[in-house]
There are 2 protein chains.
Amino acid sequence: MYQKKISRTLECGVVLTKEVLHGKWKSTLLHFIAQGVQRPSSLQRAIPMATRRVLNIQLNELEQHGLVRKTVFPQLPPKVEYHLTGLGQSLLPVIAAMEQWGDEHRAELEQVLAATGVPPEVGVLRV
Amino acid sequence: MYQKKISRTLECGVVLTKEVLHGKWKSTLLHFIAQGVQRPSSLQRAIPMATRRVLNIQLNELEQHGLVRKTVFPQLPPKVEYHLTGLGQSLLPVIAAMEQWGDEHRAELEQVLAATGVPPEVGVLRV
DNA sequence: CTGGATCCATTGTGATACTG
DNA sequence: CAGTATCACAATGGATCCAG
């Protein structure tokens, strides 16, 4: 077993960042929440190609990871709002860097990715 | 069908960046290739917790995406080298930004991620 | 309006063994 | 040394239905 002597400490920041961003709609959700779209139904309308189920799952993960905070208003009908935490806001420049790189090199990437499988509906949202 | 009128153009850079970095060992491979570790067997020794198969698959994807170039020397025994392309090098600052964010916020992230599933052996490599 | 449960298809990754 | 084939399993995400 390779891991016998390896510390459990997570030493690589890239892995952590990939982990919190892992999930098809996480960056999209962060984008819209940062823009002020905060309620589940609004997010659902903003991202119609994702199902409620997946949106809920990924919102829960974002909350668990501390990137967003969820506020529940005990009403009828129920009302829920999400907003970015400080941690979530600190991630925005990193996402911006990723977006800039992808935008700058889209021409070089598009043909290969189109052939080998980026679903087009994902890309049309500015995340 | 939502996509009826949606252009196939991939408009969001984040999706492109996530795509080329998608795969458990891609950032690790880029890290070591950038450091000058270029031969498959060396990469295998550098990342012993990944199997040859997965390393080959992800190296092939990196090559298809244009981030690395593969050079085959027709010898016996065969010799292969990888090196970063310009596109691959242009991605390094983005990876660095991801690594920095993860490093800065490790304390806030570690407990949650440890509980919900980052395998420890991944994190110990500085990617 | 919110969110969970179930079922299912696809994909990513690991274990192993094999070929040139 | 380099690369591939096959089998197996876990995780992701989509469709649909149900509940407070």
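To find a chain, count down the sequence lines: A is the first, B the second, and so on, and within it residues start at 1.
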Visitor: Taking CG from A:N56 and P from D:dG20, how many angstroms apart are they, rounded to a whole number?
Guide: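 Nearest whole value for this atom pair: 17 Å.
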Visitor: So which nucleotide from C:dG3, D:dC1, C:dG12 ends up closest to the side chain of B:H22?
Guide: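 Of the candidates, C:dG12 comes closest.
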Visitor: Starting at atom CG of B:L76, determine the distance to atom C1' of C:dT19, rounded to an integer number of angstrom.
Guide: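 Value for this atom pair: 13 Å.
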Visitor: Taking atom P of D:dA2 as reference, at what distance in whole Å does atom CZ of B:F73 sit?
Guide: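 About 11 Å, once rounded to whole Å.
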Visitor: If I compare all heavy atoms of B:L30 with all of B:I95, which pair ends up nearest, and what's the gap?
Guide: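 For B:L30 and B:I95, the tightest heavy-atom pair comes out as CD1-CD1, 3.8 Å.
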Visitor: Round to a whole Å and report the spacing from CD of B:Q75 to P of D:dG3.
Guide: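 In whole Å, D:dG3 P lies 13 Å from B:Q75 CD.
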Visitor: Side chain of A:P78: nearest nucleotide among D:dG14, C:dC1, C:dG14?
Guide: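 Of the candidates, C:dC1 comes closest.
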Visitor: How long is the line joining CZ of B:R52 and P of C:dC18, in whole Å?
Guide: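 Between P of C:dC18 and CZ of B:R52: 17 Å.
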Visitor: At less than 4.0 Å, is any side-chain N or O atom of A:N60 found next to OP1 or OP2 of C:dG4? Yes or no.
Guide: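 Looking at the OP1 and OP2 atoms of C:dG4, one of them is under 4.0 Å from a side-chain N or O of A:N60.
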Visitor: Just to confirm, is there a sub-4.0 Å distance from OP1 or OP2 of D:dA2 to any side-chain nitrogen or oxygen of B:K70?
Guide: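 Indeed not, no polar side-chain atom of B:K70 lies that close.
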Visitor: Would you indicate, yes or no, if C:dT2 has its OP1 or OP2 atom less than 4.0 angstrom from a side-chain nitrogen or oxygen of A:S41?
Guide: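 Checking A:S41 against C:dT2: at least one side-chain N or O falls below 4.0 Å of OP1 or OP2.
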Visitor: Taking all non-hydrogen atoms of both residues, which atom of B:H65 and which atom of B:E19 are closest, and how far apart?
Guide: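 Taking every non-hydrogen atom into account, CE1-O, 4.1 Å.
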Visitor: How long is the line joining CD1 of A:I57 and P of D:dA15, in whole Å?
Guide: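 Rounded to whole Å, this separation is 13 Å.
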Visitor: Would you please confirm or rule out a distance under 4.0 Å between OP1 or OP2 of C:dT2 and any side-chain N or O of A:R39?
Guide: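 It does, given that an N or O in the side chain of A:R39 lies less than 4.0 Å from OP1 or OP2 of C:dT2.
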Visitor: Once side-chain contact (heavy atoms from CB on, under 4.5 Å) is applied, do any residues pair with B:E81, and if so which ones, sequence neighbours excluded?
Guide: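 Per chain and number, B:E81 pairs via side-chain contact (heavy atoms from CB on, under 4.5 Å) with B:Q38, B:R39, B:F73, B:K79.
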Visitor: So, B:Q58 side chain and B:W25 main chain: donor-acceptor pair closer than 3.5 Å or not?
Guide: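 Between the backbone of B:W25 and the side chain of B:Q58 there is a qualifying donor-acceptor contact (under 3.5 Å).
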Visitor: Tell me what A:P40 touches on the nucleic acid: a base, only sugar-phosphate, or nothing, going by heavy atoms under 4.0 Å.
Guide: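 A:P40: backbone/sugar contact only, no base atoms under 4.0 Å.
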Visitor: For a quick test of reading the model: is some side-chain N or O of B:Q44 closer than 4.0 Å to OP1 or OP2 of D:dA2?
Guide: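 Negative; the distance criterion is not met.
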Visitor: Looking only at side-chain N and O atoms, does A:H105 offer a donor or acceptor that is under 3.5 Å from a partner on A:E108?
Guide: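 The criterion, which ignores hydrogens and geometry beyond distance, is satisfied for A:H105 and A:E108.
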Visitor: Would you classify B:E81 as touching base, sugar-phosphate or nothing, given that sugar-phosphate means primed atoms plus P, OP1 and OP2, and contacts are heavy atoms under 4.0 Å?
Guide: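 The residue B:E81 makes no contact with any strand.
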Visitor: Starting at atom CG of A:L59, determine the distance to atom P of C:dG4, rounded to an integer number of angstrom.
Guide: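 To the nearest whole Å, that distance equals 11 Å.
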Visitor: Rounded to whole angstroms, how far apart are CG on B:L43 and P on D:dA2?
Guide: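 Whole-Å distance recorded here is 9 Å.
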Visitor: For a 4.5 angstrom cut-off between non-hydrogen side-chain atoms, does A:T28 reach B:V15?
Guide: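 Sidechains of B:V15 and A:T28: no contact.
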Visitor: Enter the distance from A:L87:CG to A:R69:CZ here, rounded to the nearest 0.5 Å.
Guide: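 Reported to 0.5 Å precision, the distance equals 10.5 Å.
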Visitor: What I want to find out is whether A:K26 reaches A:E61 closely enough, with some N-O distance under 4.0 Å, to be called a salt bridge.
Guide: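 So A:K26 pairs with A:E61 through a salt bridge.
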Visitor: If the cut-off is 4.0 Å, is B:Q58 near the phosphate of C:dT13, judged by side-chain N/O to OP1 or OP2?
Guide: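 True: B:Q58 side-chain N/O within range (under 4.0 Å) of C:dT13 OP1/OP2.
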Visitor: Between the protein and nucleotides 6-10 of chain D, which nitrogen or oxygen pairs are less than 3.5 angstrom apart?
Guide:
unit_1: D:dT6; atom_1: O4; unit_2: B:R53; atom_2: NE; d: 3.1

